[in-house]
Structure formats: C-alpha cells, structure tokens
Amino acid sequence: GYAGEGEFKIKVNNKTTEVYNVWHHMMERCYSESYHKTRPSYIGCSCEEFHCLQDFGKWYKENFYQIPGEVMCLDKDILCKGNKIYSPSTCIFVPKRINSLFIKCNASRGDLPIGVTRWKNKFHPQCCGVKHMGYFDTIEEAFEVYKYHKEKYMKEVIDSYEGKIPTHQYEKLHNAI
C-alpha cells in the first residue's frame with residue numbers, strides 16, 4: 001500500500017494519525033508474513049480498494065464513530081461471514097465488545113463445532129453469559145442449544161449499544177446474527 005498525497009497524513013505534528021494506524025494495521029493483517037505466522041486466519045486477506053491511504057481515509061471519515069470509553073475495531077467479516085476482503089461494502093467499525101462476540105477459535109476446539117465440548121460420553125454447550133446448559137447425547141443437540149443462547153446473548157449485547165452506534169450500523173449488526 002501507499003500513503004499518497006492528499007488530505008490523510010501519516011503524521012501530524014510528529015504524531016502518527018489514527019486513520020494511518022487503522023490503515024497500517026489492516027495492511028499488516030492482509031500482507032505481513034510475520035503477522036500470518038501468529039494469526040494464520042488472516043492468510044488470504046486482501047484490501048485492494050483500500051491500498052491507498054487516501055481511499056481508505058475517505059471511507060474512514062464517513063464511517064468511523066467513537067463511543068466514549070470504548071476501543072473501536074475495524075471488522076471485515078461480521079457483515080459477510082467468512083469474508084477475507086477489506087472493502088467499503090464489507091467493513092464496519094464496532095466496539096471491541098461486539099467484535100469479540102463474532103470471533104471463532106477454530107484452532108482450539110478441535111473437531112467439535114463452536115460452543116460444544118465433550119464431557120465423558122456426553123456433549124456440553126458453553127456460551128459466555130450463560131451458566132449451565134445441560135449435557136446432551138449428540139453433538140447436534142448441544143450445538144443447537146449453544147446457538148440459541150449465543151444468538152440471544154449477542155442480541156442483548158448489541159441492544160445495549162442502541163443509540164450509541166449509528167442506526168444503519170446497528171441494523172446491520174442485528175442482521176449479521
């Protein structure tokens with residue numbers, strides 16, 4: 001990528017700009033081999049429409065919002081599950097708390113679906129915000145219970161941001177569940 005000449009700068013008064021930081025970290029997630037060694041889920045990601053800081057900066061200026069006390073994250077796959085492309089139509093800014101709701105830990109769960117663990121000869125769904133959900137004879141039963149509770153919890157968290165997140169983004173988040 002390149003910074004290009006224009007409104008959006010790498011540094012202002014010898015301080016790195018926020019738009020550059022976000023752009024630089026996106027480029028790193030897409031193209032840094034050393035980053036891919038520690039986070040292989042980013043292998044294959046790209047951001048052709050955002051290669052130039054000026055192009056990204058225009059989109060950033062129109063879409064970034066800040067919620068006081070929150071860390072904001074640029075996300076590429078909430079709106080389009082499994083997406084590997086950072087672009088104006090696939091990216092959204094969300095509070096870190098919402099972003100973490102959509103993270104999957106593929107490497108750590110082995111052959112079981114997300115939200116399901118093995119306990120003796122039974123299957124146990126686990127979901128943040130929900131205590132004990134029981135033990136089930138099949139993986140499918142446990143997963144359905146997990147899925148129901150996870151979606152309910154996600155809606156509750158997103159609803160807690162109503163009025164803080166721009167309306168069009170709030171609606172997109174609800175549709176992504």
Side-chain angles (χ1 to χ4, degrees), residues 1-107 114 127-129 147 150-177:
Y2 65 99
E5 292 293 323
E7 175 183 357
F8 302 99
K9 309 292 183 202
I10 294 172
K11 290 186 176 195
V12 173
N13 297 326
N14 217 20
K15 184 176 188 258
T16 305
T17 64
E18 186 59 29
V19 68
Y20 175 77
N21 280 332
V22 174
W23 177 76
H24 175 76
H25 290 299
M26 173 190 64
M27 297 297 285
E28 183 179 47
R29 289 189 296 270
C30 289
Y31 304 114
S32 168
E33 288 182 23
S34 61
Y35 192 88
H36 293 164
K37 286 178 184 168
T38 58
R39 293 179 180 87
S41 64
Y42 285 95
I43 294 171
C45 288
S46 65
C47 56
E48 281 98 33
E49 292 181 71
F50 288 154
H51 272 198
C52 175
L53 174 62
Q54 301 309 312
D55 296 334
F56 177 77
K58 288 173 193 160
W59 178 86
Y60 177 97
K61 188 176 179 179
E62 293 171 5
N63 291 277
F64 183 80
Y65 62 97
Q66 182 65 59
I67 297 174
E70 299 271 356
V71 173
M72 302 303 291
C73 299
L74 174 66
D75 187 275
K76 64 168 174 30
D77 51 12
I78 287 176
L79 300 180
C80 185
K81 288 178 179 63
N83 177 52
K84 294 270 193 182
I85 300 169
Y86 287 89
S87 74
S89 63
T90 59
C91 287
I92 186 172
F93 283 104
V94 293
K96 187 175 186 177
R97 183 172 177 221
I98 289 177
N99 196 39
S100 67
L101 294 173
F102 290 88
I103 293 172
K104 296 177 182 173
C105 300
N106 292 332
I114 190 167
C127 179
C128 54
K147 184 175 181 242
K150 176 73 178 203
E151 288 174 358
K152 183 178 173 208
Y153 179 69
M154 290 172 84
K155 287 176 185 173
E156 289 169 5
V157 171
I158 292 168
D159 285 346
S160 75
Y161 284 92
E162 187 173 14
K164 298 175 186 175
I165 294 175
T167 304
H168 70 285
Q169 303 234 2
Y170 176 81
E171 291 167 1
K172 286 179 181 180
L173 286 168
H174 263 286
N175 292 336
I177 298 175

Give the minimum heavy-atom separation between V19 and L53, together with the two atoms involved.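 Minimum heavy-atom contact is O-CD1, 4.1 Å.
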Contact summary for G82 and D77, nearest pair of heavy atoms: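 Minimum heavy-atom contact is N-CB, 4.1 Å.
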Whether [X] side chain and [Y] backbone form a donor-acceptor pair below 3.5 Å:
X   : Y   : result
D55 : F50 : no
D75 : I78 : yes
N99 : P95 : no

Pair Y31, H51 - check side chain to side chain donor-acceptor pair (under 3.5 Å), show working. CA-CA 11 Å; Y31 304 114; H51 272 198; 2.8 Å; yes
Measuring only between side-chain heavy atoms, which start at C-beta, is C30 closer than 4.5 Å to Y86?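 They are in side-chain contact.
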With side-chain contact (heavy atoms from CB on, under 4.5 Å) as the criterion, how do C47 and W23 come out once you've worked through the C-alpha distance, each side chain's angles and the decisive distance to 0.1 Å? CA-CA 10 Å; C47 56; W23 177 76; over 6 Å; no
Drop me the distance from [X]'s [atom1] to [Y]'s [atom2], to the nearest 0.5 angstrom.
X    : Y    : atom1 : atom2 : result
S160 : R97  : OG    : CZ    : 4.5 Å
L79  : I92  : CG    : CD1   : 4.5 Å
I98  : M154 : CD1   : CE    : 9.0 Å

Please tabulate, for side-chain N and O atoms in residues 161-177, each donor-acceptor pair with protein atoms closer than 3.5 Å (sequence neighbours left out).
from: Y161; atom 1: OH; to: E70; atom 2: OE1; distance (Å): 3.2
from: Y161; atom 1: OH; to: E70; atom 2: OE2; distance (Å): 3.0
from: Y170; atom 1: OH; to: D159; atom 2: OD1; distance (Å): 2.6
from: Y170; atom 1: OH; to: H174; atom 2: NE2; distance (Å): 3.3
from: H174; atom 1: NE2; to: D159; atom 2: OD1; distance (Å): 2.6
from: N175; atom 1: ND2; to: E171; atom 2: O; distance (Å): 3.3

Tell me whether the rings of Y20 and H24 are parallel (<30°), tilted (30 to 60°) or perpendicular (>60°).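 Y20 and H24: parallel rings.
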Is atom NZ of K84 surrounded by more than 12 heavy atoms (other residues, nucleotides or ligands) closer than 6.0 Å?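 Counting neighbours around NZ of K84, more than 12 heavy atoms of other residues, nucleotides or ligands fall under 6.0 Å, so yes.
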Salt bridge (charged side-chain N to carboxylate O under 4.0 Å, His left out) partners of residues 16-39, not counting sequence neighbours, each pair once: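 Every pair satisfying salt bridge (charged side-chain N to carboxylate O under 4.0 Å, His left out) with a residue in residues 16-39: there are none.
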Under 3.5 Å, which donor-acceptor pairs link side chains of residues 5-14 to any protein atom two or more places apart or in another chain?
from: E7; atom 1: OE2; to: K61; atom 2: NZ; distance (Å): 2.8
from: K9; atom 1: NZ; to: G6; atom 2: O; distance (Å): 2.6

Looking at K155 and E151, is any side-chain nitrogen of the basic one under 4.0 Å from a carboxylate oxygen of the acidic one?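 No, E151 and K155 are not salt-bridged.
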Could you walk me through whether F93 and V22 pass the side-chain contact (heavy atoms from CB on, under 4.5 Å) test, one step at a time? CA-CA 11 Å; F93 283 104; V22 174; 4.2 Å; yes
